Structures are given as structure tokens and as C-alpha cells.
Amino acid sequence: MIGFLTKHLIQLLMEPQIVRILQLHCDNIEYTPTKKEIKTAEDIVPETKRLEEVVVVFVAIENGDDSSVAQNAASQIRNSMQKIGSNRLLLYPYAHLSSNLAAPSTALSLLKEMESSFSDIEVSHSPFGWTKSYKIQVKGHPLAESSKVVTKDSEAEKEITSEALKGESKIKSYWKILTPDGTMTDISDFDFSNHKKLEVLAKYEYAKKRSVDEPPPHVALMKKMAIADYEPASDSGNMRFFPNGRLIKSLIERYVTDRVKEYGGYEVETPIMYDSHHPSMVSYFNRFPARQYNIDSEGKKLFLRFAACFGQFLMANEFQMSYKNLPYRLYELTRYSFRREQSGELVGLRRLRAFTMPDCHAFCKDLKQAMDEIKVRFDLSQSVLHELGIEESDYEMAIRFTEDFYNDNKSSIDELVKKHGKPVLVEMWKEKFFYFVLKWEFNYVDNLGKASALSTDQIDVENGNRYGIEFIDENNEHRHPIILHNSPSGAIERIIYATLEKAAKDIKEGKKPQYPLWLAPTQVRIIPLKEEFYDFCNTLSDQISAHDVRVDIDDRNESIGKRIREAEKEWIQYILVIGDKEAHSTNLSIRDRKTGNVRDISFDDFVSEIKTQTNGKPYTGLNLPKYLSKRPQIMV
RNA sequence: GCCUCGAUAGCUCAGCCUGGUAGAGCGAACGCCUCGUAAGCGUUAGGUCGCGGGUUCAGAUCCCGCUCGAGGCUCCA
């Protein structure tokens with residue numbers, strides 16, 4: 001905020017003979033006149049005034065201004081207020097905008113003229129000629145802050161829209177490509193011809209080529225496969241998961257959790273809401289304007305967590321740690337993390353307001369330990385994605401760091417790139433702005449050329465201090481750990497999104513889409529030819545499911561063709577049609593969706609064929625009635 | 001937040017341009033058929049055409065406003 005004011009004040013001071021305006025869309029402003037600054041100050045009783053939901057216009061009227069300029073200024077203010085949908089205005093005389101002020105009497109009369117030209121909205125002005133103290137809360141949206149210079153000729157109008165929000169975060173980024181052999185190329189000099197997906201990631205201006213009206217294919221699939229759907233009675237971006245979706249999601253959740261625990265993470269559970277006035281939150285918040293759900297409760301201003309960081313940091317704050325305990329890793333699968341993304345940004349399972357995020361923090365004693373640890377977690381993330389069915393050709397890596405950090409840690413950074421085995425996108429900063437000095441992520445690039453981050457890790461050098469997390473080092477000194485923030489898979493919903501997008505790609509290419517067998521809601525479907533085989537089917541299904549296989553029975557009175565067709569539409573990999581022949585055979589006749597052919601196979605071989613494909617993955621039983629005649633249709 | 005599009009049966013959608021009794025397929029209920037690897041047949045039920053206003057003898061249809069949704073853009077700590 002301070003930086004913004006300074007920047008624009010300098011710009012404003014360079015243009016002579018105009019009305020100068022700094023316009024701010026505010027949650028509230030409170031001001032108190034303290035003393036008269038000039039003899040001709042307005043005659044008022046000084047009292048504190050507070051306005052809510054208001055556009056505050058700081059205005060300086062310069063030498064040479066007249067009525068037409070005032071009118072011009074008023075009409076511009078009116079225009080922009082319509083744009084942002086506000087109808088309360090405070091004109092705030094602010095001499096510091098100009099070094100060429102008009103005489104106070106002229107200025108006051110023009111100010112009043114401006115005020116009176118707003119008949120249709122609620123308008124007031126703060127007292128002219130008084131020294132005032134004020135408190136102001138500016139909104140965070142892009143149009144909230146703007147400055148204007150208005151001259152007699154309205155065509156000379158200049159409007160500068162604030163870059164305050166993004167401007168700060170984008171300070172001096174240098175975009176590069178780093179190849180596995182360690183060479184860093186400027187992005188404009190890199191030959192992308194063999195790296196199309198990386199190019200998509202690199203230029204996120206893909207709008208030009210893509211056909212606009214096409215919804216991402218996973219949205220239709222998530223409904224058709226009865227996985228998930230929008231819940232109109234909730235807020236946008238809060239999904240409901242049907243039995244199929246819950247089963248898939250819960251298996252992925254369990255798998256990622258198992259892998260993190262195997263790596264050395266200790267699972268914890270922390271609250272989903274926090275007090276924004278808690279001292280640890282305040283400084284964190286000052287950097288990041290409102291993008292969270294806020295809840296007022298008994299005078300507390302609570303917000304819903306947007307990551308697991310707070311809970312784990314506040315918890316680690318209570319730990320008495322020695323350097324001998326480090327690295328120490330805390331893990332939580334947040335169900336949910338909440339980010340109140342702008343409504344227009346929400347898309348299916350790709351971008352949500354409530355999502356499930358595995359989040360593993362490693363507390364490290366020094367940078368060397370952190371660099372060793374980040375490599376282990378890099379391998380973990382790669383492996384987890386692979387096992388979830390997302391291959392290295394599906395995603396591109398981006399890495400961000402400060403220039404100093406790169407120079408000091410070049411070989412370790414090169415090592416990460418080498419592990420990825422492909423060129424990676426680099427964003428390099430001259431100096432640290434965020435709390436981290438290095439961050440990498442894997443970005444899934446979908447059918448429409450959209451990139452979404454999956455796995456990520458960061459080296460955080462600030463929050464150990466901010467949250468008062470300490471350990472005692474070899475010399476009996478108190479020190480703050482370096483903290484790594486890793487999500488080995490990224491949001492679970494996003495893994496489902498990627499899985500469905502890959503399936504959609506198969507469909508488009510004429511291939512049969514398929515779930516990885518361990519995620520399939522039904523792994524084996526049994527279809528009795530006639531009612532007389534029901535008992536046989538039931539026994540068979542018990543025998544198969546005794547080996548931890550999800551098997552169900554289509555006992556509906558439908559034609560055999562129709563029941564097979566529907567099993568195919570559910571992407572069920574194995575179908576067993578049971579008739580006279582099968583009921584009297586020791587072997588099974590299985591229809592394998594991958595080939596569409598029927599083959600004979602022994603019971604044991606069949607089970608072991610399934611086991612090979614689901615080896616090392618979690619299992620849970622059917623999440624639907626075993627008999628299809630007992631299932632409601634999910635119509636979405 | 002901005003732009004565009006949309007809202008008709010449980011679901012997918014037609015009808016709207018050119019105003020005149022509300023349609024189809026799927027699904028559901030019931031019945032027939034008892035079936036050999038991607039849709040067997042018939043009958044029935046089911047709609048305040050998102051909400052509010054206007055024009056008209058008459059509005060799902062034309063006009064205005066609103067609500068909700070979706071996609072794109074911007075954004076993504």
C-alpha cells in the first residue's frame with residue numbers, strides 16, 4: 001500500500017495544471033479532523049466520521065483549474081463508480097497530491113461543485129483545510145485503486161489502474177529454461193520444437209489457438225461416471241462425491257498418505273479454521289489480501305485454512321526439538337483446504353474452492369540438510385505421480401528461486417533438473433519476495449493446453465521465525481528450522497481431474513478409456529445368463545471378493561447384450577458371463593475389456609492377474625450394492 | 001471481477017426465429033420375453049417451460065428486469 005501511494009504520487013507530481021485524483025474502493029474509512037491547517041479552513045465541529053463500503057477520492061485542485069475541469073473529474077468518478085458498483089462517495093481534499101495548488105477559496109468552491117454534481121449517489125466530503133488523521137481499509141480487487149489526472153480537455157484524461165496486487169508479486173522475474181545438462185537459456189532463445197507442453201507452460205497466453213467454447217472433457221466424465229458433481233446448495237467450487245467418486249478419492253488419499261508415512265512423515269490433524277488476529281497470522285496476512293472464507297463467530301474473525309501450514313507450524317511451536325531430531329516431518333491430508341478463488345476461475349475438479357491437499361512439512365536444521373531432504377521428496381513426488389498413473393510425459397516442471405540462491409546451490413538445482421530428465425521452466429528473482437527461496441512444481445498439461453500444478457515443494461526460510469519454531473543446535477543455541485513444504489501429489493481432486501483428462505484423451509484417439517484397476521469402483525462384474533445361475537454367481541462372487549477384489553452381480557432382467565454394454569460403459573475391466581457352460585467348468589470365461597475378447601483361465605490365475613495389477617495399492621470393498629437390481633440410478 | 005452463453009419431464013435435449021392443446025430418447029414403474037458377450041418388446045406415470053413484470057384475445061416462444069448456473073478472460077500466496 002505504501003509503495004503504491006509513493007509510486008503514484010511521483011507520477012502525479014510530474015503533470016501540471018490539472019485535477020489530481022487518487023481513487024480507492026474501500027471497505028471502510030474513519031477520519032478525525034485534528035486541527036485547522038489554514039485560516040480559511042471550513043468551519044466545522046471536529047468529530048470522527050466512519051463510512052462503510054465507500055469510494056474514497058483523494059483530490060487536489062491545482063492552479064488554473066476551473067468549473068469544467070471539476071465537472072470532468074466528477075463524470076470520470078461517476079463512470080468508474082458505476083463500473084465497480086458503488087454508490088457512496090467521499091471526496092477527501094488532499095493537498096499533498098500537488099505542489100501547484102489552487103487558492104484555497106477556489107479549491108473549496110470547486111470541491112463543493114464536484115460534490116453537488118452527484119445527485120444520484122450518497123456523497124460527502126471531509127473538511128477542507130483541516131489536518132486529519134485517518135484509517136482506511138482498501139479492497140483487494142483489481143479496480144479498487146486507480147489514479148487519474150483530469151484536465152480541461154477530457155481527451156487528455158489518463159487513467160492508471162493499480163498493479164498493486166500483482167505488481168508486488170511480480171517484481172523482476174527472469175524467465176529461463178534450464179536443461180538437464182545444467183545450461184540455462186533465456187526463454188526467448190530456447191527451441192521449443194521438441195517440448196510442446198513445456199512451451200504451453202512457458203507461455204501461458206495460449207488463448208489464441210484454443211477453441212473457446214469447449215468445456216474441459218473431465219467435467220462431463222465426472223458426471224457420467226457418477227464420480228462427482230457441483231453442489232448447487234453449497235458455494236461454487238465445493239463438490240459432492242458420489243459413492244464411486246468417494247471410493248476413488250479415498251483410495252488415492254490412502255495411497256498418498258501411506259507413501260508419505262513410508263518416507264517418514266508423521267500424520268497429524270489440525271483445525272480447519274483459525275483466528276485471523278492471532279499474532280502468528282497477522283504478519284502472514286499482511287502480505288496476502290483477502291482470498292479466504294471468513295467467518296464471524298462471537299466477535300472472532302475466523303478464516304478457513306487455505307493450507308495445512310498454520311496448524312502444523314502452531315503445533316511444531318510446542319515441540320521441544322534438538323538438532324538430533326531433525327529433519328522432522330509432519331504430515332496432514334487436509335480435508336479440506338479452502339481458497340475463495342474468483343467465481344469465474346472455478347472449473348470442474350481442476351480448480352476448486354474446497355479441496356483435499358496432502359501437505360508435508362520437513363523441519364531442517366540448516367540449508368544443507370534442507371537440500372538433501374528436498375531431493376528425497378522430489379523422488380517421492382515423482383514416484384507417487386507415476387504410481388497414480390501420471391507419467392513424466394504428462395507433466396512439465398517449473399522451478400523458481402532467487403538469483404543468489406541459484407548461484408550458491410547450482411549443483412543441487414542441476415541435480416533436480418537432471419532427475420526430471422527434461423528441460424524445465426525457470427523463474428528467477430533478483431531478490432526474495434515470498435517466504436521461500438526455492439520452489440519447484442510439476443504441472444499437468446491437459447488436452448486444452450491448460451497447465452495445473454500437481455506436486456510441489458518449497459524451501460521456506462521465514463516461517464520458522466514467524467511461528468516461533470525452535471530447535472537447539474550443537475552449541476546449545478536456539479535456532480529456527482528451515483521448513484520444506486511438500487505436496488507429493490498435489491490436490492487429490494486434481495489427480496482425479498488428470499486421470500479423467502487422460503481418459504478423455506484416449507476416447508478422442510479412439511482408444512478405450514480405463515481406470516487403473518486399483519481405482520476401479522467395480523473390478524469384476526458377474527452376469528448370470530438366467531435366474532437359475534444366481535446361486536452359483538453369488539458363491540463365485542464371494543470366492544473372488546475373499547481375495548480383496550471388488551466384484552458385483554448384474555442380476556437385472558435385461559438382455560445379455562445390454563448388460564455387457566452397460567458394464568463396458570462403466571469401464572469395468574473384467575466381465576464374467578455365467579451360463580450352463582461356466583457353471584459346470586473348473587475354469588472361468590472372462591471378457592477382458594482391454595481386448596474385447598473372451599478367454600478361459602483358472603480361478604487362481606485370474607486372481608493373481610488382478611493382484612499383479614493392484615499390487616502395493618490400498619484396497620477397500622465395494623461402495624455400492626452388490627446386486628445391480630438394488631442400485632438407484634445417479635442421474636447427473 | 002469482466003465478457004459470452006445457458007435455464008423446458010429424474011437425465012440429455014427438441015420446440016422459440018415465424019405466438020394458438022407440452023415433445024423425443026434415455027431412465028423409472030408394471031407386464032411380456034428367459035436370452036451366449038456393446039442397446040429385446042409393450043403399457044403407464046412424470047412438466048407452474050428458473051423467478052418477476054410488460055406487450056397481446058392468447059406467451060415456453062416477443063420485450064424488460066432479476067436469480068442461478070456454465071465456459072472463457074483476468075487470477076492462482
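Lettering follows sequence order; numbering is per chain, from 1. Computed from a predicted structure; not experimentally measured.
Residues satisfying the ring pair (Phe, Tyr, Trp, His ring centres under 6.0 Å) test with A:Y230, not counting sequence neighbours, are none. For A:D506, the side-chain hydrogen bond (donor to acceptor under 3.5 Å, both in side chains) criterion is met by no residue, not counting sequence neighbours. In this view, A:Y274 and A:F310 satisfy the ring pair (Phe, Tyr, Trp, His ring centres under 6.0 Å) rule, not counting sequence neighbours. Residues satisfying the ring pair (Phe, Tyr, Trp, His ring centres under 6.0 Å) test with A:F442, not counting sequence neighbours, are A:F378, A:Y395, A:H420, A:W440. Every residue two or more places apart in sequence or in another chain that forms a side-chain contact (heavy atoms from CB on, under 4.5 Å) with A:A498 is listed here: A:I390, A:Y444. Scanning for side-chain contact (heavy atoms from CB on, under 4.5 Å) contacts around A:V636 gives A:K223, A:D229, A:F242, A:I634, with sequence neighbours left out. The side-chain contact (heavy atoms from CB on, under 4.5 Å) check on A:E231 picks up A:A233, A:S234, A:R240, with sequence neighbours excluded. A:F241 meets the ring pair (Phe, Tyr, Trp, His ring centres under 6.0 Å) test with no other residue; sequence neighbours excluded.
Regarding A:N443, its CG atom lies at a distance of 15 Å from the C1' atom of B:rC75, rounded to whole Å. To the nearest angstrom, C1' of B:rA77 lies 14 Å from CZ of A:R340. Taking atom NZ of A:K224 as the reference point, atom P of B:rC26 lies 17 Å away to the nearest angstrom.
Legend: salt bridge (Lys or Arg N to Asp or Glu O under 4.0 Å) pairs involving residues 569-581 of chain A, not counting sequence neighbours, sorted by first then second residue: A:R525-A:E570.
The base of B:rC76 is paired with the side chain of A:R351 by a donor and an acceptor separated by under 3.5 Å.
In terms of position along RNA chain B, the nucleotide closest to A:Q633 lies nearer the 5' end than the nucleotide closest to the other residue of the pair A:Q633 and A:K439. Take the nearest nucleotide of RNA chain B for A:R339 and for A:V219: the residue whose nucleotide is more 5' is A:V219.
A salt bridge is defined here as a Lys NZ or Arg NE, NH1 or NH2 lying under 4.0 Å from an Asp or Glu carboxylate O, and A:E341 with A:R339 fails to meet this definition.
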Taking protein heavy atoms under 4.0 Å as touching, what does nucleotides 32-39 of chain B look like 5' to 3' if B marks base contact, S marks sugar-phosphate-only contact and - marks none? -BBBBBBB

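For A:Y230 and B:rG69, the ring-to-base geometry does not satisfy the stacking test (centroid distance below 5.5 Å, interplanar angle below 30°).
Here, B:rC5 and B:rA45 have their P atoms 40 Å apart, quoted to the whole Å.
OP1 or OP2 of B:rC73 sits under 4.0 Å from a side-chain N or O of A:K450.
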Pick out the pairs of N or O atoms, protein on one side and nucleotides 45-50 of chain B on the other, that lie under 3.5 Å.
none

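Relative orientation of the A:H485 and A:H361 rings is perpendicular, given thresholds of 30° and 60° on the angle between their planes.
Residues of residues 357-364 of chain A having a heavy atom closer than 4.0 Å to RNA chain B: none are found.
At a threshold of 4.0 angstrom between heavy atoms, the contacts of A:L346 are confined to the sugar-phosphate backbone, with no base atom among them.
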